[in-house]
A.B. asks: 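Could you have a look at this structure, given as structure tokens, before my questions?
Scope of the values below: all heavy atoms of this structure, side chains included, with no hydrogens, waters or symmetry mates.
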Amino acid sequence: FRRVLFRSQTTGFVLTESGNVFLSYIQAGKETIYMLDRATRQWKPVSIADSEGLVLLGSEKEMLVFEDAKGLRFLDRAE
């Protein structure tokens, strides 16, 4: 399980069943997950417990799907 990363890049993009949009972005070795705030038209960082070091792959209804060396993990997003 290995990712080749540049200095900064988007590493995942997800659209949930309800239309929420998330992306994971890495910059200077730190990965952050953002949610699109449609009202302000801005990406806002969100906290998702136990997501550090995981690759954002997709969603299942409102759960975000991540992958690590052990397989898939389904995590709730923070409100």
A.B. asks: Restricting to non-hydrogen atoms, name the atom on E62 and the atom on E17 that form the minimum distance, rounded to 0.1 Å.
C.D. replies: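 Heavy atoms of E62 and E17 come nearest at OE2-N, 3.6 Å.
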A.B. asks: I'd like to know if F13 and L54 are part of one continuous hydrophobic network [Ile/Leu/Val/Met/Phe/Trp/Tyr, side-chain heavy atoms within less than 4.5 Å].
C.D. replies: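 Shared cluster, no.
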A.B. asks: Would you compute the distance between atom CG of N20 and atom CG of D37 and round it to the nearest 0.5 angstrom?
C.D. replies: 10.0 Å
A.B. asks: Shared ILVMFWY cluster between L75 and F22, side chains joined below 4.5 angstrom?
C.D. replies: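 Same cluster: L75 reaches F22 through Ile, Leu, Val, Met, Phe, Trp or Tyr contacts under 4.5 Å.
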A.B. asks: For the atom pair CG (L56) and CZ (F66), what is the distance rounded to the nearest 0.5 Å?
C.D. replies: 5.0 Å
A.B. asks: Which distance, rounded to the nearest 0.5 Å, do you find between the OG1 of T10 and the OH of Y34?
C.D. replies: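 Separation between the atoms: 9.5 Å.
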A.B. asks: Checking the side chain of S24 only, and the main-chain atoms of G12 only, is there a donor and an acceptor separated by less than 3.5 Å?
C.D. replies: yes
A.B. asks: Just to verify, what does F74 make a side-chain contact (heavy atoms from CB on, under 4.5 Å) with, not counting sequence neighbours?
C.D. replies: E60, M63, V65, L72
A.B. asks: If we check side chain to side chain contact (heavy atoms under 4.5 Å, CB included) with M35, which of these qualifies: T16, V46, L23, V21?
C.D. replies: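 With M35 as partner, T16, V46, L23, V21 yield a single side chain to side chain contact (heavy atoms under 4.5 Å, CB included), made by V46.
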A.B. asks: Restricting to non-hydrogen atoms, name the atom on R73 and the atom on D68 that form the minimum distance, rounded to 0.1 Å.
C.D. replies: CD-OD2, 3.5 Å
A.B. asks: With sequence neighbours excluded, what pairs up with K30 under the salt bridge (Lys or Arg N to Asp or Glu O under 4.0 Å) test?
C.D. replies: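 Applying salt bridge (Lys or Arg N to Asp or Glu O under 4.0 Å) to K30 gives none.
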A.B. asks: Locate the shortest heavy-atom distance separating L57 from V14; write the atom from each residue and the value.
C.D. replies: C-CG2, 4.2 Å
A.B. asks: Grab the two heavy atoms, one from D76 and one from I48, that are nearest each other, plus how far apart they are.
C.D. replies: O-CG2, 3.5 Å
